[in-house]
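It should be emphasised that the depicted structure is a prediction, and the values quoted were computed from it without experimental measurement.
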Amino acid sequence: MTFCKKHETEEVRFYCEECKELICDDCVVGDHSVCIKTKISEYGKRQKQALQETTKSASETGVPNINRILERITSAKQSFNCSVDKEVESISSKTEIIIKIFNELKEELIETIEDARQAANAKYDTFTQEHTQRKDNIQKIVDEIEKKGSYLSTSDIAIYDSKLNELLNENQFEETYLKIEIPKHRFHKEYEIKENLRLILGFLDYGEYDLPSIETLSNTDVYKLPSKRENDKEDLAIENPTRKYIELQRSDSLQNVSSNVGNRKVIYSDERGSDFYSSVPKGKKFEVIVSFKHKQKVFHIVPKKDCRNAWLIGSGISDLNLNIESPTCAVRISSTDGNVLTACRSNAHGLLLGMENRKTLRNLQVSSSIFSKAKNYKLNSYINVESKNVASACASTSSSVNNPNNVVAICTSSIKGSDIIICLKDDPMSESKFFSPTSEIFVIEWFSIEKQKTKDIVISSDDIEISNPVHICENRNDGDICITCSPKNLSSWILLLDKNGKYKMRYPSKNQIASKETETNSFIASGFLNDGTITILDRAKRCQHLIDRGGEVLQIDMYHEQPICMAVDMYDNLWVGFDNENMQLINYNDRYETYIENKA
């Protein structure tokens with residue numbers, strides 16, 4: 001006998017077709033009076049075949065699925081507890097190390113104070129001995145004078161008077177000995193507070209860690225254009241052993257073609273057999289420092305100020321730290337709720353995002369509750385971008401500039417008083433100056449830490465060859481601006497402007513492309529190195545260009561895989577993401593490793 005859930009003493013006699021539950025007589029005239037009802041016996045006859053099928057399905061599929069879920073839960077629980085055990089062990093070991101260091105510092109401090117005590121006591125003992133001897137000498141002279149009495153000769157009087165005056169006046173060092181500086185223990189009282197000491201021991205952080213493996217690679221893992229050798233001959237180019245090595249690293253579909261330009265022979269691998277950059281000499285070292293695989297494709301990388309730290313932006317936002325013993329990648333935001341077109345670091349406010357179809361920059365902010373040590377991350381509005389008739393974004397991926405609701409392209413600024421740079425596409429009719437109807441107008445604005453606009457410049461395609469900018473960056477040394485232009489279905493190029501928007505250089509120049517009308521570049525990002533050179537990512541050709549600020553090619557380095565995004569940090573490192581979810585940290589400058597060693 002089955003009783004009603006609501007009326008516990010009543011037997012169920014009906015089945016409610018609408019509420020999908022068994023009911024009693026009281027329910028029929030009560031809550032289910034207007035529902036469609038069936039007698040339980042009729043419902044049972046009707047569901048007999050369905051119950052048999054459900055039972056069979058439960059036995060064959062349902063129960064095994066639940067068992068698999070239970071196994072996964074058990075495995076996840078074991079893994080979780082194992083991780084917690086490791087964290088507890090880490091806390092204990094780090095605490096022991098800290099206590100050991102504190103004990104060593106305590107012994108050193110006490111030893112220093114004891115040495116000061118011994119030195120001071122030695123001075124006091126010397127002072128006591130000197131004055132004891134002085135007292136004895138005075139007493140001896142006094143005794144001799146009293147003994148001789150009236151028999152003192154004039155010469156004795158003169159001698160005794162001189163000695164007594166000399167002994168009585170030996171007080172010039174008395175103040176020095178009596179005022180030896182007392183050693184004092186100076187201590188910052190804030191370290192007596194528990195919460196301040198917590199910073200030394202560490203704090204609790206939360207996140208889904210999804211970085212399974214980190215490996216350090218040598219520079220042989222990146223293809224380089226071979227440098228010119230004096231004994232190279234044209235008839236040996238095909239047999240070049242370096243070229244054979246390249247074939248092993250690159251796809252079999254690639255063809256290698258040798259070329260002579262300016263009496264310099266190099267080999268360039270490209271699907272079309274291009275020798276456009278065949279006169280490139282090798283210069284800087286191009287070495288993969290760290291290579292790892294992320295669990296999702298990354299479309300934007302934003303390096304932090306801290307060395308080897310960055311935000312990774314895909315469908316969500318992750319926080320990557322490669323500068324610790326066990327690198328971590330913690331998921332901060334699981335979904336950005338929109339397409340991120342551009343991103344950068346604010347010097348004061350952290351990560352900023354430019355979203356598609358939004359005129360407001362978003363800022364990643366962190367907060368914590370007084371009831372929990374866990375940190376909460378969320379995206380909040382930062383700056384509402386409206387420069388007259390704002391049109392489209394200058395994104396860090398190739399996107400159309402025809403949508404007037406796209407947000408801006410942004411980058412970090414190092415100019416005094418400025419924090420970030422924003423690039424907008426404006427309406428030619430909104431400007432006071434006359435522009436042709438077909439002209440593309442772009443506004444570059446500088447904003448301070450207080451979110452106030454400090455400067456802006458207007459750039460017209462009537463004056464400068466600019467079209468569909470997809471990336472912008474600023475030289476930290478002199479404020480030069482590098483803009484990556486990538487018109488749809490056309491070859492892309494790089495523009496170099498000074499801090500006031502004056503044209504300085506185009507790469508490749510018209511002269512460079514004159515002899516190669518079919519040459520197509522696919523530049524998607526660029527960045528300045530500390531020496532002022534510019535590094536450029538070519539997605540389609542899977543290569544990295546390094547040029548000087550005159551537009552001359554310094555070197556070209558090839559990738560094995562298809563790159564999708566790139567960023568340059570302040571230590572001359574390239575953060576490169578690939579289509580297959582791999583990522584690499586690449587270094588142009590040998591001095592970086594010295595910095596890491598010194599910091600460690």
Side-chain angles (χ1 to χ4, degrees), residues 90-203 305-307 323-325 347-348 416-417 449 477 530 570-571 590-600:
S90 174
I91 294 172
S92 299
S93 62
K94 294 296 188 298
T95 303
E96 291 175 2
I97 292 173
I98 292 172
I99 292 174
K100 180 180 178 182
I101 293 173
F102 270 120
N103 287 334
E104 291 175 355
L105 292 174
K106 180 188 74 173
E107 296 300 328
E108 291 175 4
L109 194 58
I110 292 175
E111 183 179 355
T112 302
I113 293 177
E114 291 296 339
D115 290 343
R117 185 212 298 269
Q118 293 180 8
N121 288 337
K123 289 184 178 180
Y124 284 126
D125 292 342
T126 301
F127 182 75
T128 301
Q129 293 174 1
E130 291 176 355
H131 282 273
T132 300
Q133 184 63 41
R134 176 186 170 199
K135 181 190 72 171
D136 294 341
N137 292 337
I138 293 173
Q139 188 61 49
K140 181 178 178 182
I141 294 174
V142 171
D143 292 343
E144 290 179 357
I145 292 173
E146 290 178 350
K147 182 177 180 181
K148 291 184 179 181
S150 57
Y151 297 100
L152 286 172
S153 63
T154 54
S155 59
D156 290 338
I157 293 173
I159 292 172
Y160 288 141
D161 182 69
S162 176
K163 288 183 177 182
L164 279 176
N165 287 328
E166 182 180 351
L167 291 171
L168 292 172
N169 293 327
E170 288 182 353
N171 295 324
Q172 61 269 34
F173 299 111
E174 180 179 353
E175 293 298 322
T176 302
Y177 282 100
L178 294 178
K179 293 185 179 181
I180 297 177
E181 186 175 354
I182 301 173
K184 293 184 178 180
H185 176 218
R186 301 292 183 185
F187 184 75
H188 295 286
K189 290 188 176 181
E190 57 265 28
Y191 292 123
E192 294 177 342
I193 302 174
K194 181 179 179 180
E195 291 303 317
N196 292 340
L197 287 176
R198 194 185 302 278
L199 297 175
I200 298 176
L201 187 58
F203 54 89
K305 283 185 177 180
D306 297 334
C307 190
N323 203 26
I324 56 178
E325 183 178 352
N347 293 311
K416 185 177 181 180
I449 293 175
N477 299 320
N530 286 316
M570 60 194 300
Y571 307 103
D590 294 340
R591 289 176 298 176
Y592 175 85
E593 287 302 326
T594 303
Y595 172 85
I596 290 294
E597 292 169 1
N598 290 341
K599 184 176 181 181

Nearest-0.5 Å distance that lies between atom CD1 in Ile113 and atom CD1 in Ile182: 12.0 Å
For side chain to side chain contact (heavy atoms under 4.5 Å, CB included), just list the numbers for Leu109 and Lys106, CA-CA rounded to whole Å, side-chain angles, deciding distance to a tenth of an Å, and then say yes or no. CA-CA 5 Å; Leu109 194 58; Lys106 180 188 74 173; 5.8 Å; no
If you look at every heavy atom in Asn323 and Cys307, which pair is closest and at what distance? CB-O, 3.3 Å
Would you say the side chain of Arg117 lies within less than 4.5 Å of the side chain of Glu114, judging by non-hydrogen atoms? yes
From His131 NE2 over to Thr126 OG1, what is the distance, rounded to the nearest 0.5 angstrom? 11.0 Å
Residue that, paired with Ile145, satisfies side chain to side chain contact (heavy atoms under 4.5 Å, CB included) out of Leu164, Ile157, Asp161: Leu164
Distance-minimising heavy-atom pair for Ser90 and Ser93: O-OG, 2.9 Å
Among Lys135, Arg134, Gln139, Gln133, the one residue meeting side-chain hydrogen bond (donor to acceptor under 3.5 Å, both in side chains) with Asn137: Gln133
If you round to the nearest 0.5 Å, how far is CD1 of Ile98 from CG of Leu105? 11.5 Å
Ignoring hydrogens and geometry, is there a side-chain-to-backbone donor-acceptor pair from Asn530 to Tyr571 under 3.5 Å? no
Considering all heavy atoms of both residues, which atom of Lys305 and which atom of Met570 are nearest to each other, and what is their separation? O-SD, 3.9 Å
Of all the heavy-atom pairs spanning Leu152 and Asp156, show the shortest one and how long it is. CD2-CB, 4.0 Å
Rounded to the nearest 0.5 Å, what separates atom CG in Leu168 from atom CD1 in Ile138? 4.5 Å
In terms of side-chain geometry, is the basic nitrogen of Glu144 or Lys147 positioned less than 4.0 Å from the acidic oxygen of its partner? no
Look at the side chain of Ser162 and the backbone N and O of Ala158, then say whether any donor-acceptor pair between them is shorter than 3.5 Å. no
Spacing of Ile110 atom CD1 and Glu108 atom CD [to the nearest 0.5 Å]: 11.0 Å
What heavy-atom pair brings Tyr160 and Lys148 nearest, and what distance separates the two atoms? OH-NZ, 3.2 Å
Look at atom CD of Glu181 and say whether more than 12 heavy atoms of other residues, nucleotides or ligands are closer to it than 6.0 Å. no
Side chain to side chain contact (heavy atoms under 4.5 Å, CB included) partner of Ile101, the single match among Ile97, Ile99, Asn103: Ile97
